[in-house]
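A quick note: this is a predicted structure, and the numbers were derived from the prediction, not measured. We use all heavy atoms of the structure for the numbers below, so side chains are in, but hydrogens, waters and symmetry mates are not. Counting begins at 1 with the first residue of the sequence.
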Amino acid sequence: MYVAMDKKKFYITTTLPYVNAQPHIGFALEIVQADALARYHRLLGDEVFFNFGTDEHGQKIYEKALAEGKEPQAYTDEYAASFNALKESLNLSYDAFIRTTSPHHKAAAQEFWKRCDAAEDIYKKLYKIKYCVGCELEKTDSELEGGRCPLHPNQELETREEENYFFRFSKYQDALLALYTREDFLLPRFRLNEMLSLIEREGLQDFSISRLAEKMPWGVPVPADASQVMYVWFDALINYISTLGWPEEEKKFAAFWGTKEVPNALQFAGKDQVRQQGAMWQAMLLSAGLPTTKQIFIHGFITSGGRKMSKSLGNVIDPFSLVEEYGTDAVRYYLLRHAHPFEDSDLTEAGVRDAYNANLANGIGNQVAWVMTLAEQYLDAPVDVEDQPFETAVGEKIEQYALNEAMDLIFEYVGKGDVYMQEHEPYKAIKSGEPAAREKAKEDIIKMVRHIYHVAESLEPFMPETAQKIKDTIKENKKPETLFPRK
């Protein structure tokens, strides 16, 4: 492993999936992207805290649990386990699995509330709104299409009128606009246009942060007011810091989340999360007197037949089934290379199969088998290889979140190896009656062994199991079992 001289600390987190259904491939994309970045920084010798977990409060959870005849806690326990199972299925390297029903998170959320209240940013009022249960968010008329939420068009909006606590979102409009002047705060930059347009058109409107407990008791109790529970979004966003032991573990929090002078946190989120992550959460942090996020990466959706995959539409692809059919690294490969990091990408099983056979079975799998068969037969000992600094061009693409382009570079290297084998034909020359030709063939085989070792090094953040198998077969000087059997 290459260890950087200037070791750094990185905090990386995904959003928390809502536990009202099984995991789907759209979220698998986000967690695999974050995992690749975390693995990359660890390879550089950096210290990484990688957070994942589940969002477990709110009306949808409460209603779903009741509909299934279960206590909400038992219901969330079951679904949280299915999301944590992604760790093994997708070979994830996260350091924490935070649950918003954990006692520490609840206590942290209440402390956060108290700090916002002390800043005079929480007040109570009677209000009437249009509400999307699917988003668990209030909706303004400008956000609707044909009177419906564009993200949940098959659900009727609810009209709600009750007395709740509100957060002074409007107070932080100027501070957020100043934050948005940082060109790298939210990437890709064009995703901020939505928020900037909203601010210019309507200004920021204060939002409700509690619900009546008698109507919806499944939430974190509001400090000093047992009649209200925290609104699910307010509670859930705080996971990003409660997972670090905040507020008790101040040193750990400052080391990984960062300080106001040097923010350090990197967040991954989908394109429907710009308002929540890029505005609501940042305003909450400012209110509580805490550092804002350093950078938010917004990815596109995985679509199916041109439509967003969603539980409500019933067109969800199960990542566990894909892994069962193609293997962990093949699914990671497809999501990281063939799903565009910034735009929507359509996924079909036929497309997965075609990419698998063309680039894994016939590509890198075939090249490793070809080279190591020659090495095992004609080399007297394993090739001496040395770990090299991580490939600069690939690393630059990773740091730009252009993960598909990073993978393209790696598979360009694989292609160059095939060209070298075809042009030099060591598999023929090694059988020559000319000693000089055989010696040159051995040199070519050694060069190709070192080539596939270098490819394996570059693959480590993306396909860690495959990378390790290639390294192991080189050290043993034996042809491996087929890496990717044809489908």
Discussion item. Using ring centroids (six-membered ring only for Trp), state whether Y127 and F166 fall under 6.0 Å.
Written reply: yes

For R99 and D77, run salt bridge (Lys or Arg N to Asp or Glu O under 4.0 Å): C-alpha distance rounded to whole Å, both residues' side-chain angles, the deciding distance at 0.1 Å, then the answer.
CA-CA 9 Å; R99 297 183 59 186; D77 288 347; 2.6 Å; yes

What one should report as the nearest heavy-atom pair of A119 and S287 is CB-O, 3.6 Å

*May I ask you to test the D55-N239 pair for a side-chain heavy-atom distance under 4.5 Å?*
no

Per ring pair (Phe, Tyr, Trp, His ring centres under 6.0 Å), H57 is matched among W233, Y18, Y62, W218 by W218

| query | F253 vs W246 aromatic rings, parallel, tilted or perpendicular, using cut-offs 30° and 60°? | reply | tilted

- So Q282 and Y180, side chain to side chain donor-acceptor pair (under 3.5 Å) or not? Walk me through it. CA-CA 11 Å; Q282 305 309 313; Y180 298 160; over 6 Å; no

- request: Look at the rings of F50 and Y94 and say which category their plane angle falls in: under 30° parallel, 30 to 60° tilted, over 60° perpendicular.
  value: perpendicular

| field | D117 vs Y165 side-chain heavy atoms within contact, under 4.5 Å | value | no

Are the aromatic ring centres of F207 and F234 under 6.0 angstrom apart? no

Margin query: Quick one, K7 with E47, criterion side chain to side chain contact (heavy atoms under 4.5 Å, CB included). Give me CA distance, side-chain angles, the key distance, then yes/no.
Written below: CA-CA 7 Å; K7 185 176 180 181; E47 191 174 350; 4.1 Å; yes

All heavy atoms of K252 vs all of L244, minimum pair found to be CD-O, 3.5 Å

Residues T14 and A34: closest non-hydrogen pair is CG2-CB, 3.8 Å

Strictly distance-based, threshold 3.5 Å: is any side-chain N or O of H340 a donor or acceptor partner for the main-chain N or O of E343? yes

| message | If you apply the rule ring-ring contact (aromatic ring centres under 6.0 Å, His included), what do you find for F268 with Y401, and how did you get there? | response | CA-CA 10 Å; F268 282 73; Y401 300 98; 5.7 Å; yes

Using only atom types and a distance under 3.5 Å, with no angle test, would you say the side chain of K487 pairs donor to acceptor with the backbone of E325? yes

Heavy-atom closest pair (A213 atom, V229 atom, distance to 0.1 Å) is CB-CG1, 4.1 Å

task: Return yes if some donor-acceptor pair links the side-chain N/O of K64 with the main-chain N/O of N20 below 3.5 Å, else return no.
output: yes

Which of T100, L237, T243 passes side-chain contact (heavy atoms from CB on, under 4.5 Å) with L16? It is T100

For Y40 and F462, I'd like to know if the aromatic rings sit close, meaning centre-to-centre distance below 6.0 Å. no

Check this for me, if you would: do E156 and R148 make a salt bridge, where the nitrogen-to-carboxylate-oxygen distance has to be below 4.0 angstrom?
yes

Within the side chain of R337, is there an N or O that forms a donor-acceptor pair under 3.5 Å with the backbone of A355? no

**Asked** When you check the gap from the basic side-chain N to the acidic O, do R332 and E465 get nearer than 4.0 Å?
**Response** no

Problem - Test side chain to side chain donor-acceptor pair (under 3.5 Å) applied to D344 and T303, step by step - result: CA-CA 7 Å; D344 292 353; T303 60; 5.9 Å; no

When you compare the side chain of M230 with that of Q110, does any pair of heavy atoms fall below 4.5 Å? yes

Is it the case that the side chain of N51 and the backbone of Y240 share a donor-acceptor pair, with hydrogens and angles ignored and the cut-off at 3.5 Å?
no

Self-check item: Heavy-atom donor-acceptor pair, D46 side chain to K8 backbone, under 3.5 Å
Solution: yes

Does NZ or CZ of K70 fall inside the cone over Y75's six-membered ring, less than 6.0 Å from its centre and within 45° of the axis? no

Do H338 and Y333 have ring centres separated by under 6.0 Å? yes

Taken to the nearest 0.5 Å, the spacing of S345 OG from I25 CD1 works out to 12.0 Å

For A85, does its backbone N or O pair with a side-chain atom of S89 as donor and acceptor, under 3.5 Å?
no

What I want to find out is whether K397 reaches D408 closely enough, with some N-O distance under 4.0 Å, to be called a salt bridge. no

